[in-house]
Protein chains: 2
Amino acid sequence: MKFIEKLRNSGLRPTKQRLQICEVLFNTERTFHFTINELEQKIKDKIDNKISLATIYNTVHAFEKKGYLKQIPVNSNQTYFDTNITDHHHFYNLKDGKLIDLENSDVGPINIKRKIDGKKIKSIEVLVKLED
Amino acid sequence: MKFIEKLRNSGLRPTKQRLQICEVLFNTERTFHFTINELEQKIKDKIDNKISLATIYNTVHAFEKKGYLKQIPVNSNQTYFDTNITDHHHFYNLKDGKLIDLENSDVGPINIKRKIDGKKIKSIEVLVKLED
DNA sequence: TTCCACTTTATAATGGTTCTAAATAGCTGT
DNA sequence: ACAGCTATTTAGAACCATTATAAAGTGGAA
Ligand SMILES: [Mn+2]
Ligand SMILES: [Mn+2]
Ligand SMILES: [Zn+2]
Ligand SMILES: [Zn+2]
């Protein structure tokens, strides 16, 4: 199985739970955005055994640290994650709290002219809030 | 007092607490970013009477709704607010969780080419994460 | 197989935020 | 100035996403 290698190469043991979460997160036609609650539901729908909520949190954080998931900065009581780890930007639909990927060509290059010394830029993220 | 008018014109009664919070938030040399905890501290430092935490939350939300404060989208367990309500972008220092204003001239105009029909753009916000 | 560090798990704890309902204080009309 | 009404404040409880705990289970090296 392809995910076993991926996990081993990251120093993460390929446990049953992690492999199942990999299936849900990465064995998909397209990338997607999710909150932990939504992921918990997806997992319940797709697998038969139970995975504890703590393991879901642990795994998501482990995957994020390894760079397999990204957190999206939005104002919400829940944390949003993205399986699309390429540099890209987002529409945020205030009505339903859903994120939509923006292609870089939809936004154009962003060139930050100001520098803060001793610091380097880790990421540049654009959030475009949508209303009716 | 200038804040009395401001509040009355917004349909908010100019209570002692609101006026004191106005002093802390708006009677300043420059704009600033804050969390509720930080604001609570600032209030404790600057005024003698106590203002309850509930009132601070209520007031911040009331001011935000009236457009006197903005929320900044960042990934944190606390909500960040800004007394600078002009359209502008931010550096986010991951080390200490502090925000720094970016001038629009530091970022350049952002032109979102894609449209979502039935929706209009409410805001465009750029967050530039900084690391060492 | 043995062993141990890593992982999972149920559950408790944490902490920012929101809710509740009773007390207080603006404001309008008299 | 006063009454009456509504908005506001407040202490404390409730909420709930997330993190911590610590005991049981598991992967994999030897
Ligand atoms: Mn979540
Ligand atoms: Mn806060
Ligand atoms: Zn995305
Ligand atoms: Zn700002």
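Just so it is clear: chains get the letters A, B, ... in the order the sequence lines come, proteins before strands, and each one is counted from 1.
- Distance CG (A:Leu12) to P (D:dT26): 19 Å, rounded to an integer number of Å.
- Taking side-chain N and O atoms only, A:His61 has a distance below 4.0 Å to OP1 or OP2 of D:dT19.
- Distance B:Asn49 CG to D:dT9 C1': 12 Å, rounded to the nearest Å.
- Across A:Leu25, A:Thr59, A:Ile51, a single residue satisfies side chain to side chain contact (heavy atoms under 4.5 Å, CB included) together with A:Leu39, and that is A:Leu25.
- Between A:Leu7 atom CG and C:dC6 atom P the separation is 16 Å, expressed in whole Å.
- With respect to the salt-bridge test (charged N to carboxylate O, under 4.0 angstrom), the residues B:Lys2 and B:Glu23 do not qualify.
- Not one side-chain nitrogen or oxygen of A:Arg18 sits closer than 4.0 Å to the OP1 or OP2 atom of C:dC6.
- Nucleotides of DNA chain C nearest to B:Lys16 and A:Thr55 differ in position, and the one nearer the 5' end is that of A:Thr55.
- The interatomic distance linking B:Glu38 (CD) with C:dG16 (C1') rounds to 13 Å, in whole Å.
- A:Asp132 and B:Lys120 are not joined by a salt bridge, as no carboxylate oxygen comes within less than 4.0 angstrom of a charged side-chain nitrogen.
- Taking the ring axis of A:Tyr68 as reference, the NZ or CZ atom of A:Lys6 stays within 45° of it and closer than 6.0 Å to the ring centre.
- Other residues, nucleotides and ligands contribute only 12 or fewer heavy atoms inside 6.0 Å of the CG atom of B:Asp87.
- Rounding to whole angstrom units, CD of residue B:Gln71 and P of C:dG16 are separated by 16 Å.
- Here the C1' atom of nucleotide C:dT9 and the CD1 atom of A:Ile21 are 13 Å apart, to the nearest Å.
- One finds no salt bridge joining A:Glu64 and A:Lys70 here, because no Lys/Arg side-chain nitrogen approaches an Asp/Glu carboxylate oxygen to under 4.0 Å.
- In this structure, B:Gln78 places its CD atom 14 Å from C1' of D:dT18, rounding to the nearest Å.
- Closest approach to the B:Ser52 side chain among C:dC27, C:dG16, D:dA11 is made by D:dA11 (side chain taken as heavy atoms from C-beta onward).
- Comparing the end axes of the helix from C:dT1-D:dA30 to C:dT30-D:dA1, each fitted to five base pairs by superposing C1' atoms of four pairs onto the next four, gives an inter-axis angle of 30° (nearest 10 degrees).
- An OP1 or OP2 oxygen of D:dT26 is reached within less than 4.0 angstrom by no side-chain nitrogen or oxygen of A:Gln17.
- With C:dG16, C:dT17, D:dT9 as the candidates, the nucleotide lying closest to the side chain of B:Asn58 is D:dT9.
- At D:dT18, one or more side-chain N or O atoms of A:Tyr57 fall inside 4.0 Å of OP1 or OP2 (strictly under the cut-off).
- When the side-chain nitrogen and oxygen atoms of B:Asn37 are compared with OP1 and OP2 of C:dG16, one or more of them lie within a distance under 4.0 Å.
- Residue B:Thr15 places at least one side-chain N or O under 4.0 Å from the OP1 or OP2 atom of D:dT9.
- For A:Arg13, the listed nucleotide lying nearest its side chain is D:dT26; candidates were D:dT26, C:dT17, D:dT10.
- Counted by atom type alone, B:Asp106 and B:His89 present zero donor-acceptor pairs between their side chains at under 3.5 Å.
- The nearest heavy atom of DNA chain C to B:Pro14 and to A:Thr59 marks one nucleotide each, and the one closer to the 5' end goes with A:Thr59.
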